[in-house]
Amino acid sequence: MRAYPFSVRRTWLDAVPLIIVFVMGALALSQVRGSVTIAEVHYNTFSQGEDDEFIVIRNDGPDVVDLSGWDITDNEDVSPLNGSLSPGGSMVLTRDLESVLEKEPDFFSRRFSCVLGPYLELRLANDGDEVVLREHDRVMDAFVYGDGTSGTGWLGPPSPSLYEGEIAVRSGRDTNTSSDWTTGRLHRLGQSDFVPGYFMAESITALVTPDCTDGPITDLIGSANESILVEAYEILSLAIADALSNASRLGVDVTVLLDGGPVGWNFWNVYEVEYRERYRSLEKVYTEKSLVDRMVSAGVDVRFHTGIDPRYVFIHSKCIVADDAVLVSSDNLVEGAFPNELRFTGTSVRGSRGWAVILRGGEISDHFRAVIEHDIEGYDVVRWGTPPYDPPPSYFELGRDPDEWVWTSPVQPVVIAPFHVNRSVPILPVLSPDSSSGWPIVAMIENATEFVYVELLDLNPNWSRMGGNAYLEALLDAAGRDVDVRVLLDPTWAREGGSFDNHEMSKALVEASESLPELECRLLSPHGLTMLHNKGVVTEKSVLVSSINWGFNSVFRNRETAVIIEDREIAGYYRNAFFQDWNRSVLDKVGVSISYDGNYAVRLAGVNGSHQVDVRIGDVHTFSDVIREDETRTVPLIRSSGPVTITIDGSTIHLTDSTTDVTARDRTDRKVDDGAVDLGIPAMAIVAMVVWYIIFRKLRG
């Protein structure tokens, strides 16, 4: 239960609804509660005919239960039970056990003392049905879902219907309501179920992409003597692919698992004419095919998660295990994040901002090795050579796409050096979907007492059918208890379908900060970075390095890997990295947002009302006009002409070409620094959260 920094006055009238629910529940439970309960129901399966539907019952009591005379019914058909259940034991009923075991070979071992029960006579409807467990016609337990009919053994509305492939799993409660089946995560056959716990790392190397991740990653791969396991969304780095190939040639056992369908990718080869017409959409996948073919020729075992009846929607991890060392990263294995180190000689490199960490030690490496080994052996994985996971067409030549492979700019990014710690540090791994929706990340934010700083590619306030965003709610709670909360978002990210994009989110959080003064939000100014690809959180005593975006799929349906590092010194490193980006981002809270790339242009966007804006480059007055709300103007800049001065309604902001020496002077009621932010449409969801918070503040005793 969430702990709030205030109390609420209550009267006896507040307890009336709880008393009514308690009395009704007690009467119902007196009729149906027993030691044997329905533990799992898989009613909407992937297979045609759905013969692999199953029901698991479990004995939660201290005594052996004889199941003679017991049955399960959907109020239409009846499946008799037999045998007995030992304390804590489980029994599965299905029509096609082989199909179940094909997707989850360790089905029985993962359920304590699980045995095979009688043939399942029922056929459960996907849209809604009832599952009723009876002893000699006496209802002992029930599960009602979708448009099923509530009745004896069930209180309140049915549990929501699940999507194809998902399994209803009891949470451990037995109140005969839908709350019993709210576990905080979504389950599918074949997914892992690693319980979160602490492991020790013997040493740590903290990294920031793209500044310092070139040499350390290839060095990590090159240091392996026995085995390397890679689980990644994609590989588009020639340096990393060649490092894996070289390790394999030296006798290291190298296995790579990649996602079989990244967003926008089509793995099927097409004719050359079609390729030329669709160059941008096919260049990446053909590049990856070429790199994979190169690795396979060197002896690397490469496999793909196909996405056919999948355990996970995407393999979105960015994880490498090399002997007793582990890399966990927010960035994909692409050259934008892990550039060739030679490109820092004489030519600046632009890439995506993220955080990465290398952890060394047997405990932590064994844990992530077990995770990747579990995923590699899944039923939805195929080896390279299985169409469409085969070489690219012969006309394709591996090249260097300027937009994807090499970013050059006069802007020199801030170079943040790696940071090494040679001592034992406790590490808390976080996996999606195993534990990402549970306590680890929320508790990390809740335990902060000084600050919480967040860098995100994406912040969506709504977790679809799972409700609001628990991470965001924890941030608002932290700001409400006077913790310094700062959120930095990528300015390029926009979602389709009318849902919030980052511009709308930044606007909503700025509005929220009027009632929560400890809350601030900005959008990152590019300044040599192509995008903010991070998913990181840092507090005064811990840091989250993560592949988990703050959206529904990442938290509940993807395979993601993350670690929480509980160490003040390492947290300080990432705090400093955060401020390198934060201090390049400017927010005019009153009227106009300013995006500045350091050399080429200033982008001005009206936020509230109309404002007189003047732009001066050196001694030349280049722009003077009124910027209206929701209007955008772009002012070209010439680097050699001198510093940029922007005047908004008489208040002056000075921008220089240095990413670390940008000053701002403004009225005392404004908050202006250096860089960029762009605000969008008001977001009622965030405003509603703040209103809710204020109401409770008014009621505190």
(request) Look at the side chain of Thr45 and the backbone N and O of Gly165, then say whether any donor-acceptor pair between them is shorter than 3.5 Å. (result) no

(message) Can you see whether Gln191 engages Arg185 through a side-chain donor-acceptor pair at a distance of less than 3.5 angstrom?
(response) yes

(request) Report yes or no: does Asp293 contribute a side-chain atom to a donor-acceptor pair with the main-chain N or O of Trp384 at less than 3.5 Å? (result) no

(message) Is any side-chain heavy atom of Asp259 closer than 4.5 Å to one of Arg559?
(response) no

(request) Say whether Tyr275 and Glu283, considering side chains only, have a donor N or O and an acceptor N or O under 3.5 Å apart. (result) yes

(request) Give a yes or no answer on whether the side chain of Asn558 reaches the backbone of Glu560 with a donor-acceptor pair at less than 3.5 Å. (result) no

(request) Determine whether Trp265 and Glu234 make a side-chain contact, defined as any pair of heavy atoms from C-beta on separated by less than 4.5 Å. (result) yes

(message) Could you check whether any side-chain heavy atom of Cys212 comes within less than 4.5 Å of a side-chain heavy atom of Phe419, counting everything from C-beta outward?
(response) no

(request) Kindly indicate whether the side chain of Val371, heavy atoms from C-beta on, has any atom under 4.5 Å from the side chain of Leu431. (result) yes

(message) Looking at every heavy atom in both Ile372 and Val230, which two are closest together, and how far apart are they?
(response) CG2-O, 4.4 Å

(message) Test your reading of the model: is there a side-chain donor-acceptor pair from Asp309 to the backbone of Ser47, 3.5 Å cut-off?
(response) no

(request) Any chance you could lay out the salt bridge (Lys or Arg N to Asp or Glu O under 4.0 Å) test for Asp242 and Arg294, step after step, and finish with the verdict? (result) CA-CA 8 Å; Asp242 281 352; Arg294 191 182 184 109; 2.7 Å; yes

(request) State, without any angle test, whether Thr306 and Asp380 hold a side-chain donor-acceptor pair at a distance under 3.5 Å. (result) no

(message) Which residue is it: Leu258, Val334, Val302? I am looking for the one with a side-chain contact (heavy atoms from CB on, under 4.5 Å) to Ile235.
(response) Leu258

(request) Taking only Lys NZ, Arg NE, NH1 and NH2, and the carboxylate oxygens of Asp or Glu, determine whether Glu231 and Arg369 approach each other closer than 4.0 Å. (result) no

(message) What I'd like to find out is whether the side chain of Thr205 reaches to under 4.5 Å of the side chain of Val357, using heavy atoms alone.
(response) no

(message) Test your reading of the model: is there a side-chain donor-acceptor pair from Asp323 to the backbone of Glu226, 3.5 Å cut-off?
(response) yes

(request) For the pair Ser352 (side chain) and Leu532 (backbone), establish whether a donor and an acceptor sit closer than 3.5 Å, ignoring hydrogens and angles. (result) no

(message) Whether the side chain of Lys289 engages the backbone of Asp390 through a donor-acceptor N/O pair (distance < 3.5 Å, no angle test) should be reported.
(response) yes

(request) Look only at the side chain of His42 and the backbone of Asp52, and say whether a donor-acceptor pair between them is shorter than 3.5 Å. (result) no

(request) Taking all heavy atoms of Trp463 and all of Trp550, pick out the closest pair and write down the distance. (result) NE1-O, 3.6 Å

(message) Restricting to non-hydrogen atoms, name the atom on Ile427 and the atom on Ala201 that form the minimum distance, rounded to 0.1 Å.
(response) CG1-CB, 3.8 Å

(request) Give the intermediate values and the outcome of salt bridge (Lys or Arg N to Asp or Glu O under 4.0 Å) for residues Arg383 and Asp301. (result) CA-CA 8 Å; Arg383 276 189 166 86; Asp301 180 2; 3.3 Å; yes

(request) Answer yes or no for Arg465 and Tyr163: cation-pi contact, defined as NZ/CZ to six-membered ring centre under 6.0 Å and angle to ring axis within 45°. (result) yes

(message) Taking the ring of His367 and the ring of Phe194, is the distance between their centroids below 6.0 Å?
(response) yes

(message) Within the 4.5 Å heavy-atom criterion, are Arg311 and Tyr379 side-chain neighbours or not?
(response) yes

(message) Looking at every non-hydrogen atom in both residues, tell me the closest pair between Trp355 and Asp331 and how far apart they are.
(response) N-OD2, 4.4 Å

(request) Would you confirm whether the ring centroid of Phe304 sits within less than 6.0 angstrom of the ring centroid of Phe267? (result) yes

(message) Please give me the minimum heavy-atom distance between Trp268 and Pro388, naming the atom from each residue.
(response) CD2-CB, 3.4 Å

